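A short write-up of the structure that comes next.
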Amino acid sequence: MRAAGVAVVGGSIAGCAFATAAARAGADRVVVLERTYGELTDRGVGLCVHDDRYAELAVAGYLDDSIAWHRLTRRHWLTRDGSPSGRLLWDQPFPFRSYHWGLLWRGLRERTPASVEYRLGDTVAAVANVPAPAANGTDAANGSAAKGIPANGSPANGTEGPAGGTGGASVRLVAGGEERFDLVIGADGYRSVVRAAVCPEAGPQYAGYVCWRGSFPAERLAELGTPAAEAWPATAAITVCFPGGQCVLYRIPGPEPGTLMVNWVFYTEPPATGARSDAPAGIPPGALAADLAGRLGQLAERHLPPYWAEVLALTPPVRTLLQPIHDLDTPRRTRGRLLLAGDAAAVVRPHNTSGAAKALQDACAFEAAWRRSAGWSELLAAYERERGEAGRALVSLGRRLGRAQVEQAPDWTTIDGPQVVAWWNSQVDGATGFGGQALAAPPGR
Ligand SMILES: Cc1cc2nc3c(=O)[nH]c(=O)nc-3n(C[C@H](O)[C@H](O)[C@H](O)COP(=O)(O)OP(=O)(O)OC[C@H]3O[C@@H](n4cnc5c(N)ncnc54)[C@H](O)[C@@H]3O)c2cc1C
């Protein structure tokens with residue numbers, strides 16, 4: 001399927017990876033349409049990728065060591081008991097790499113082949129399948145007739161004609177104008193306009209709780225009385241448990257080489273006033289009103305051991321944000337020549353630590369399916385088969401983790417080590433998806 005024109009709506013993690021996948025697999029025109037202007041690097045905080053998922057993605061050529069990362073090895077589950085740092089509930093193995101969202105995005109962006117046309121400030125209003133014209137269609141039959149996209153009308157080069165029912169897909173821009181492509185990929189996140197055309201019945205579901213998030217330079221930990229290395233080894237992720245929530249903290253690479261930042265996520269009930277906590281977008285960094293910032297301080301003092309409340313208090317309000325927790329699953333990922341990727345296809349609650357790996361795996365599976373497919377139907381069916389159920393299973397696991405860890409958290413004052421392990425095992429329930437599932441090897445490998 002060479003000579004194909006592919007549009008990717010959204011230029012974030014999934015968008016960059018799919019643009020790379022399509023270009024490497026043989027598309028001769030790949031256009032990324034990203035609605036924001038400028039770099040996305042300043043907007044993200046931290047995320048983690050499981051070591052095993054990293055290894056698979058490195059073999060597939062989607063990640064490598066040149067993107068800054070920080071090693072995590074253990075997860076210390078703690079709860080408040082009157083001591084400065086709290087009582088250790090469980091010291092869990094935690095083989096993950098942590099990333100600065102912006103540095104990961106920049107690394108993926110730099111990896112997109114030079115042939116990819118990455119357009120900033122292009123917002124897509126809607127997408128649609130273009131019906132294939134009747135039998136005598138040649139160039140137009142495969143939807144390639146528009147705007148500089150080469151024709152590829154013969155089944156011999158892998159393009160299906162009218163029998164496939166769809167001749168391509170169109171993209172309508174908010175600024176005006178419509179363009180046609182052979183395939184349109186929706187990498188446009190959880191409020192995807194492409195999803196509205198693929199499965200309009202699916203939408204994000206509010207989990208009923210929120211997370212406060214923040215970050216600051218790790219060197220500021222020295223301002224606290226206890227030496228940081230003693231209170232908190234650099235390779236440990238911390239989870240402080242309390243009734244109705246938890247706070248997860250770990251270090252991530254800082255924007256300057258060799259520096260580290262503290263990244264934290266504090267899950268709790270929504271604030272009673274001052275925020276539309278179920279509004280999809282939440283409150284971005286820098287927009288948190290003083291009363292809400294004060295509310296966060298009260299929550300930290302009430303629920304966290306003193307050391308961890310002091311850690312959170314080192315965060316400047318300008319680097320604090322509030323996000324409602326949502327998830328989303330979709331009954332299908334493809335329709336005609338439209339395809340969903342990353343968060344547009346499935347949003348997993350963050351407890352599962354799998355969002356970025358899942359998006360990159362989607363791109364790997366897409367590239368592998370393209371390379372072995374003779375036509376669009378075969379490619380799209382393979383992608384649906386390999387990624388649809390995997391995404392739904394992760395969403396389901398994320399819901400179980402969220403219920404057990406936030407909505408129906410146990411009485412932490414009485415639980416001990418073996419009971420915590422049993423509690424964890426009952427959530428995971430034999431599933432291998434914590435941190436993402438193993439990437440399926442393509443047939444024949
Ligand atoms: C700025 C930003 C910061 C983030 N920070 C973190 C973080 O700190 N930690 C974490 O775990 N996850 C973060 N995420 C989410 C994380 O990137 C995703 O969960 C995961 O990596 C999969 O991402 P995605 O590319 O599928 O979707 P997203 O990352 O949501 O990207 C969707 C992209 O599509 C663009 N877009 C949306 N609609 C349109 C449209 N109509 N036309 C054109 N473009 C459109 C958006 O501007 C965005 O760039 C962040 C996402 C963004 C956009």
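Remember, it's 1-based here, ligands and their atoms both numbered in the order they're listed. It should be emphasised that the depicted structure is a prediction, and the values quoted were computed from it without experimental measurement.
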- [ ] Taking all non-hydrogen atoms of both residues into account, name the closest pair between A21 and A363 and its distance.
- [x] CB-O, 3.6 Å
TODO: Identify whether NZ of Lys or CZ of Arg in R251 sits under 6.0 Å from the centre of the six-membered ring of W232 and within 45° of that ring's axis.
DONE: yes
TODO: Would you mind running through ligand 1 and noting each atom that sits below 4.0 Å from a heavy atom of A14?
DONE: 24 (P), 25 (O), 26 (O)
Task: side chain to side chain donor-acceptor pair (under 3.5 Å) between Q246 and T239, intermediate numbers included - done: CA-CA 7 Å; Q246 63 178 199; T239 301; 5.4 Å; no
Task: Lys/Arg N to Asp/Glu carboxylate O, D91 vs R74, below 4.0 Å - done: yes
Open item on the list: For S215 versus W264, what's the shortest heavy-atom pair and its separation?
Closed with: N-NE1, 4.2 Å
Task: Close approach, D122 and ligand 1, non-hydrogen under 4.0 angstrom - done: yes
Task: Distance-minimising heavy-atom pair for L103 and A68 - done: CD1-CB, 4.1 Å
Open item on the list: Taking distance alone, with N or O pairs closer than 3.5 Å, would you say V193 contacts ligand 1?
Closed with: no
TODO: Taking all non-hydrogen atoms of both residues into account, name the closest pair between C241 and T79 and its distance.
DONE: O-OG1, 2.9 Å
Open item on the list: Listing request: all ring pair (Phe, Tyr, Trp, His ring centres under 6.0 Å) pairs with a residue in residues 337-362, at least two apart in sequence or in separate chains.
Closed with: Y209-H351, Y267-H351
Open item on the list: With nothing but distance in play, are any N or O atoms of T123 less than 3.5 Å from an N or O of ligand 1?
Closed with: no
- [ ] Indicate whether any N or O donor in one side chain lies under 3.5 Å from an N or O acceptor in the other, for R111 and S66.
- [x] yes
TODO: Out of W101, F18, W105, indicate the one that has the non-hydrogen atom closest to atom 15 (C) of ligand 1.
DONE: W101
Task: ligand 1 N/O within reach of I13 N/O, cut-off under 3.5 Å - done: yes
Open item on the list: Would G11 count as being in polar contact with ligand 1, using the rule that some N or O on each side must be under 3.5 angstrom apart?
Closed with: no
Task: Interfacing atoms of ligand 1 (cut-off 4.0 Å, heavy-atom, L33) - done: 43 (C), 44 (N)
Task: Numbered atoms and elements of ligand 1 in range of A187, under 4.0 angstrom, heavy atoms - done: 32 (C), 33 (C), 34 (O)
TODO: Using a strict cut-off of 4.0 Å, indicate which atoms of ligand 1 neighbour a heavy atom of G342.
DONE: 26 (O)
- [ ] Can you figure out which of E34, H100, R35, R213 has its heavy atom closest to atom 49 (O) of ligand 1?
- [x] E34
Task: Ligand-residue contact atoms, ligand 1 with G46, heavy atoms, under 4.0 Å - done: 7 (C), 8 (O), 9 (N), 10 (C), 11 (O)
Task: For A356, atoms of ligand 1 separated by under 4.0 Å from a heavy atom - done: 21 (O)
- [ ] Select the closest option to atom 37 (C) of ligand 1 among L120, D188, L47, judged by heavy-atom distance.
- [x] D188
Task: A125, portion touching ligand 1 at heavy-atom distance under 4.0 Å - done: neither
Task: Nitrogen or oxygen atoms of A344 and ligand 1 under 3.5 Å apart - done: no
Task: salt bridge (charged side-chain N to carboxylate O under 4.0 Å, His left out) involving R195 - partner list, sequence neighbours excluded - done: none
